[in-house]
There are 2 protein chains.
Amino acid sequence: MPTIKDVALAAGCSTATVSRALANPEKVTEATRKRVASAIAKVGYSPNLAARNLRRSESRTIVVLLPDIANPFFSEIIAGLEDVAHREGYRVLLGDCEHDTGRAKAYFDLLPTNQADGIILLTAEIPLSLVTQQARGSQIPLVMACEYFDHLALPTVRIDNPLAAARAVEYLSSLGHRRIATITGPMQNPICIDRVKGYQSEMARQQLAVNPGWIVEGDFGFLSGYQQGQLLLALPPEARPSAIFCHSDEMAIGLMKAARDASVRVPEDLSVIGFDNIGLSEYCQPELTTVSQPRDEIGRCAMRLLLDVLRKKQVPHQQVLSTQLIVRASTAQAPKP
Amino acid sequence: MPTIKDVALAAGCSTATVSRALANPEKVTEATRKRVASAIAKVGYSPNLAARNLRRSESRTIVVLLPDIANPFFSEIIAGLEDVAHREGYRVLLGDCEHDTGRAKAYFDLLPTNQADGIILLTAEIPLSLVTQQARGSQIPLVMACEYFDHLALPTVRIDNPLAAARAVEYLSSLGHRRIATITGPMQNPICIDRVKGYQSEMARQQLAVNPGWIVEGDFGFLSGYQQGQLLLALPPEARPSAIFCHSDEMAIGLMKAARDASVRVPEDLSVIGFDNIGLSEYCQPELTTVSQPRDEIGRCAMRLLLDVLRKKQVPHQQVLSTQLIVRASTAQAPKP
DNA sequence: TTGTGTAATGTAATCCATTACATTCAAGCA
DNA sequence: TGCTTGAATGTAATGGATTACATTACACAA
């Protein structure tokens, strides 16, 4: 592999000039710039980034931590993230924590050794100490997206979860539903708490009673939707919900399967609302009514925010993007009692 | 950030000894090793990998190129890949080519500059020149998984596609189906050609005629399954297939939606088989009969193979893993004519 | 013509870990 | 005792790009 020395030799100048021609073209004569350019082409040079990174103490690599690559919810966020990163000359190192906190630490350790310049967190399922420690001492560039930590003012891109949940409940209520349940994500998760709060406040606003058994916890996956769905559908008739708001589309689809198994018709007997609007939600049976998040835009925003942090720009601490209720075929008028 | 010098100072020895204590402990006295270890702990040292990589001309990073992160088919492969890589001290840089060949080149360019040590290709949708050029000249460590190139003897992990397709057709035939169609993936893709060959040879073996209109091309996505499904279901009754074998689960699910829209019942009027056994296939309506691939194992194999290549071990050129037909509710006896 | 300022370029130190080669020291043997 | 041998450790070169500082060259003014 040719080095900058070979280029300097071929262009008849010093390595410093070659380096400048590449990094600060305005500091070099038009003529030299051309000579360097053709020398680079001739010897087939491309810079050794390990050397550059060593010298510059940067890596142009951004770590993106997420709980589970297999979750389709994240794929579009990642696509958005990556696109912005590539345009700006950064690489993305995807870190799947698989709900395993040891992994997260390994990724955080890339920062002090200049293997990564910053981190985007798509999960709050990591030891809080990693974040606080870093954020206090060395001011590690860190941006959160979707999720957030309760007591930390980290730059964050997110949606208005209480509002989104309230809207879903409001819609169900407008269809005449009075017994509305919810299958949440993991409740150690602030966004799930927010959605439950939104659910509760809207239920109150609509003067609907909430049976404590109507708030059940899932883990965002198909199976938990199925299992918790079975539980809800097994409630005695007077307590059985006629509508269920799920914190993810996968759980909503699992729930709809539970409904089929129990001969409960969706939407005639039971209305279902999901969350995320994943690709699948248009192809399941019945098509799923869901709360859509601007996933691509969340990814883009988060990456832009992080790059701004790296460039020491002032950044807004909270960026809130809007959601949209997409009405499809899994919701209908409440059944007559 | 403390460097190896600080450790040497704290341990009262030279940097060389520190380095050796870390890399070749057997070359250092027990006593020194302990002194170094506690010095490292005291100053909080961790090696600067940019410097190490520069010196060693390696990066311990593996690039994994795939056509589309958003496709859930890949997620489990990636999980397997990553797990093996982490255990062996390698990092995985995920490259989404988004069917855009320029991106692929950018990732290949990481190799000569020691930013990556090897590549795993989960897609054949890249300029062939990248592969041939590299493989010839510098013998770039490259392993393919799932897909393969026709005329190149690259180390490859894959399934027996013709056999898997033949088994699916054989099963449909055993249910009494005689008009069996197939919705393929992109036909520039060798694995799709293989599956079509398997389909054709099994049709011949079962002495079933193949209407040329029964082989239609999709792109693995929901929508193409839906659209091509509409086409197949619009054929005149005597040519209309009673069973359709799809090259992906997403297309099969799209097809089932087309069937619903056309009031064709699955499986009573139409049997559907998918491919991949993605998580969703158990939760759609009806549950999907499909050909399961050992995705996790494919990922693991591919990574192990690549690491063997890097370590200059002899590696088998082809590793063929077995598939399994998973029978669920989307297939049934052929309707009486 | 000499002097001053500035733009262009060169020289060499620097980033940090690794490792070839050099040195030290002690044990073992004649 | 003197010499060999090998283990343990040290010294310094190395990898390749960047950049502070030094030098050169050239334009323009006095």
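Each chain gets a letter, A, B and so on, in the order its sequence line appears, and its residues count up from 1.
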Any ion pair linking B:Asp308 and B:Arg304 (charged N to carboxylate O, less than 4.0 Å)?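 B:Asp308 and B:Arg304: not salt-bridged.
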Which heavy atom in A:Ile78 sits nearest to a heavy atom in A:Leu66, and how many Å separate them? CD1-CD1, 3.6 Å
I need the minimum non-hydrogen distance between A:Gln319 and A:Cys301, along with the two atoms involved. NE2-SG, 3.6 Å
How does protein contact run along nucleotides 18-26 of chain D, one letter per nucleotide 5' to 3', with B for base contact, S for sugar-phosphate only, - for none, heavy atoms under 4.0 Å? BBB------
What integer distance in Å separates [X]:[atom1] from [N]:[atom2]?
X: B:Arg33; N: D:dA7; atom1: CZ; atom2: C1'; answer: 13 Å
X: B:Glu30; N: D:dA7; atom1: CD; atom2: P; answer: 17 Å
X: A:Glu58; N: C:dC16; atom1: CD; atom2: C1'; answer: 16 Å
X: A:Arg35; N: C:dA8; atom1: CZ; atom2: C1'; answer: 11 Å
X: B:Asn53; N: C:dC15; atom1: CG; atom2: P; answer: 19 Å
X: B:Lys27; N: C:dT18; atom1: NZ; atom2: P; answer: 13 Å

For A:Val28, which contact category applies under a 4.0 Å heavy-atom criterion: base, sugar-phosphate, or nothing? sugar-phosphate
Reckon B:Ser57 touches a base, only the sugar-phosphate, or nothing at all at heavy-atom distances under 4.0 Å? nothing
Nearest 0.5 Å please: distance from the CD atom of A:Gln115 over to the CZ atom of B:Arg91. 4.0 Å
Report the residue (B:Glu26 or A:Leu49) whose heavy-atom-nearest nucleotide on DNA chain D is the more 5′ of the two. B:Glu26
Less than 4.0 angstrom between a side-chain N/O of A:Thr29 and OP1 or OP2 of C:dT9, yes or no?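 For C:dT9, OP1/OP2 do have a side-chain N/O of A:Thr29 under 4.0 Å.
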Side chain to side chain contact (heavy atoms under 4.5 Å, CB included) evaluation trace for B:Asn53 with B:Thr61: CA-CA 10 Å; B:Asn53 294 344; B:Thr61 297; over 6 Å; no
Using the side-chain heavy atoms of B:Cys13, tell me which of these nucleotides is nearest: D:dG10, C:dA17, D:dT9. D:dG10
Can you figure out which of C:dT9, D:dG10, D:dT9 approaches the side chain of A:Thr32 most closely?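 That would be C:dT9.
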